[in-house]
Amino acid sequence: MASRFQQRFAELDKPDDATDEDEIWSLIRFSLVTLRVLLFVAIIVISEIMESYFIYNLSMAIWSLVIGIPLFVLISMGIILGDRFMQHEQTASAASAVLRPIQERL
(Lines give C-alpha, C1' and ligand atoms only; values in the text may rest on other atoms or scores of the structure.)
Protein backbone atom coordinates (compact mmCIF):
# COMPACT_ATOMS: atom_id res chain seq x y z
CA MET A 1 0.00 0.00 0.00
CA ALA A 2 2.77 2.43 0.88
CA SER A 3 4.65 1.60 -2.30
CA ARG A 4 1.60 2.52 -4.39
CA PHE A 5 1.41 5.89 -2.67
CA GLN A 6 5.12 6.45 -3.24
CA GLN A 7 4.70 5.49 -6.86
CA ARG A 8 1.80 7.92 -7.30
CA PHE A 9 3.76 10.75 -5.66
CA ALA A 10 6.71 9.98 -7.91
CA GLU A 11 4.41 10.22 -10.94
CA LEU A 12 3.22 13.62 -9.74
CA ASP A 13 6.82 14.87 -9.73
CA LYS A 14 7.30 13.94 -13.38
CA PRO A 15 6.65 16.87 -15.72
CA ASP A 16 3.84 16.45 -18.18
CA ASP A 17 4.43 17.03 -21.87
CA ALA A 18 1.51 19.41 -22.28
CA THR A 19 2.27 22.59 -24.18
CA ASP A 20 0.93 26.00 -23.29
CA GLU A 21 -1.66 25.69 -26.06
CA ASP A 22 -2.91 22.40 -24.61
CA GLU A 23 -3.23 23.89 -21.14
CA ILE A 24 -5.02 26.98 -22.44
CA TRP A 25 -7.44 24.84 -24.46
CA SER A 26 -8.13 22.62 -21.46
CA LEU A 27 -9.09 25.70 -19.40
CA ILE A 28 -11.25 27.09 -22.20
CA ARG A 29 -12.85 23.69 -22.73
CA PHE A 30 -13.58 23.33 -19.01
CA SER A 31 -15.23 26.76 -18.94
CA LEU A 32 -17.30 25.97 -22.06
CA VAL A 33 -18.47 22.64 -20.62
CA THR A 34 -19.37 24.33 -17.33
CA LEU A 35 -21.22 27.08 -19.20
CA ARG A 36 -23.08 24.46 -21.22
CA VAL A 37 -24.22 22.63 -18.08
CA LEU A 38 -25.30 25.89 -16.43
CA LEU A 39 -27.18 26.88 -19.58
CA PHE A 40 -29.00 23.54 -19.60
CA VAL A 41 -30.02 23.95 -15.96
CA ALA A 42 -31.05 27.58 -16.58
CA ILE A 43 -33.26 26.55 -19.50
CA ILE A 44 -35.07 24.06 -17.29
CA VAL A 45 -35.41 26.44 -14.35
CA ILE A 46 -36.63 29.38 -16.43
CA SER A 47 -39.11 27.26 -18.35
CA GLU A 48 -40.56 25.88 -15.11
CA ILE A 49 -40.64 29.05 -13.02
CA MET A 50 -41.46 31.81 -15.50
CA GLU A 51 -44.28 30.18 -17.39
CA SER A 52 -46.77 32.92 -16.52
CA TYR A 53 -44.63 35.87 -17.73
CA PHE A 54 -45.05 36.94 -21.35
CA ILE A 55 -42.84 38.96 -23.71
CA TYR A 56 -44.13 39.67 -27.23
CA ASN A 57 -47.03 37.24 -26.68
CA LEU A 58 -44.70 34.33 -25.91
CA SER A 59 -44.10 32.99 -22.43
CA MET A 60 -40.65 33.07 -20.89
CA ALA A 61 -40.64 29.27 -21.07
CA ILE A 62 -40.77 29.45 -24.86
CA TRP A 63 -38.17 32.23 -24.96
CA SER A 64 -35.80 30.17 -22.82
CA LEU A 65 -36.08 27.35 -25.35
CA VAL A 66 -35.80 29.67 -28.37
CA ILE A 67 -32.64 31.28 -27.03
CA GLY A 68 -31.20 28.43 -24.98
CA ILE A 69 -31.22 25.58 -27.49
CA PRO A 70 -29.25 27.44 -30.21
CA LEU A 71 -26.76 28.64 -27.56
CA PHE A 72 -26.38 25.08 -26.33
CA VAL A 73 -25.73 23.88 -29.89
CA LEU A 74 -23.23 26.70 -30.57
CA ILE A 75 -21.28 25.98 -27.39
CA SER A 76 -21.24 22.26 -28.21
CA MET A 77 -19.99 22.99 -31.72
CA GLY A 78 -17.28 25.22 -30.28
CA ILE A 79 -16.10 22.41 -28.03
CA ILE A 80 -16.10 19.88 -30.88
CA LEU A 81 -14.29 22.18 -33.30
CA GLY A 82 -11.73 23.14 -30.66
CA ASP A 83 -11.05 19.48 -29.91
CA ARG A 84 -10.60 18.75 -33.62
CA PHE A 85 -8.28 21.72 -34.04
CA MET A 86 -6.12 20.71 -31.08
CA GLN A 87 -6.04 17.09 -32.28
CA HIS A 88 -5.03 18.28 -35.76
CA GLU A 89 -2.19 20.33 -34.25
CA GLN A 90 -0.88 17.28 -32.38
CA THR A 91 -1.01 15.00 -35.42
CA ALA A 92 0.55 17.63 -37.68
CA SER A 93 3.63 17.90 -35.48
CA ALA A 94 3.96 14.11 -35.33
CA ALA A 95 3.51 13.75 -39.09
CA SER A 96 6.26 16.25 -39.86
CA ALA A 97 8.85 14.37 -37.80
CA VAL A 98 11.30 12.12 -39.55
CA LEU A 99 10.12 8.62 -38.80
CA ARG A 100 13.04 6.60 -40.19
CA PRO A 101 16.07 8.87 -40.44
CA ILE A 102 18.57 6.13 -41.17
CA GLN A 103 17.66 3.94 -44.11
CA GLU A 104 19.80 1.99 -46.45
CA ARG A 105 19.79 3.44 -49.95
CA LEU A 106 19.32 1.10 -52.84
Side-chain angles (χ1 to χ4, degrees):
M1 184 75 142
S3 64
R4 289 198 321 192
F5 284 127
Q6 290 174 350
Q7 185 179 22
R8 287 185 182 175
F9 284 130
E11 289 175 2
L12 288 175
D13 289 337
K14 294 179 185 175
D16 57 348
D17 294 333
T19 62
D20 290 340
E21 294 171 346
D22 292 335
E23 291 180 10
I24 290 171
W25 171 244
S26 66
L27 289 174
I28 292 172
R29 187 178 196 285
F30 174 74
S31 62
L32 286 175
V33 169
T34 304
L35 181 66
R36 188 173 62 169
V37 170
L38 290 175
L39 180 67
F40 182 72
V41 171
I43 290 171
I44 293 171
V45 168
I46 290 172
S47 64
E48 291 294 326
I49 292 176
M50 298 193 168
E51 203 169 308
S52 61
Y53 296 102
F54 290 89
I55 297 176
Y56 297 114
N57 294 329
L58 291 176
S59 69
M60 287 294 290
I62 301 297
W63 280 112
S64 69
L65 293 174
V66 166
I67 295 171
I69 291 174
L71 279 175
F72 186 85
V73 170
L74 285 174
I75 292 171
S76 298
M77 285 175 49
I79 293 170
I80 291 170
L81 291 175
D83 285 341
R84 285 185 184 172
F85 179 73
M86 291 305 293
Q87 184 181 15
H88 176 62
E89 288 288 324
Q90 291 173 355
T91 57
S93 64
S96 65
V98 178
L99 297 178
R100 294 179 188 89
I102 301 174
Q103 289 184 343
E104 184 177 334
R105 293 189 179 192
L106 298 176

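Any value given below was found using the heavy atoms of this structure, including those in side chains, with hydrogens, waters and symmetry copies removed.
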Contact summary for Trp25 and Asp83, nearest pair of heavy atoms: NE1-OD1, 3.0 Å
Common cluster, Ile62/Tyr53, ILVMFWY with side-chain heavy-atom separation under 4.5 Å: yes
Atom of Ser47, atom of Ser64 and distance for their closest heavy-atom approach: CB-OG, 3.7 Å
Linked, directly or transitively: Leu35 and Val37 (ILVMFWY side chains, under 4.5 Å): no
Aromatic ring pairing Phe40/Phe72, orientation class (parallel under 30°, perpendicular over 60°, tilted between): tilted
Val66 with Ile69, same ILVMFWY side-chain cluster at under 4.5 Å: yes
Shortest non-hydrogen separation from Asp22 to Met86 and the atoms involved: OD1-CE, 3.0 Å
Heavy-atom pair with the smallest gap, counting every atom of Pro70 and Leu65: CD-O, 3.9 Å
CZ on Arg36 to OG1 on Thr34, rounded to 0.5 Å: 10.0 Å
Common cluster, Val41/Leu71, ILVMFWY with side-chain heavy-atom separation under 4.5 Å: yes
Verify same cluster id: Phe54, Ile43 (apolar side-chain graph, 4.5 Å): no
Smallest separation among heavy atoms of Ser59 and Glu51, with atom names: CB-O, 3.5 Å
Spatial distance of atom CG (Leu39) from atom CD1 (Ile67) [nearest 0.5 Å]: 10.5 Å
Spatial distance of atom CD (Glu21) from atom CD1 (Ile28) [nearest 0.5 Å]: 10.5 Å
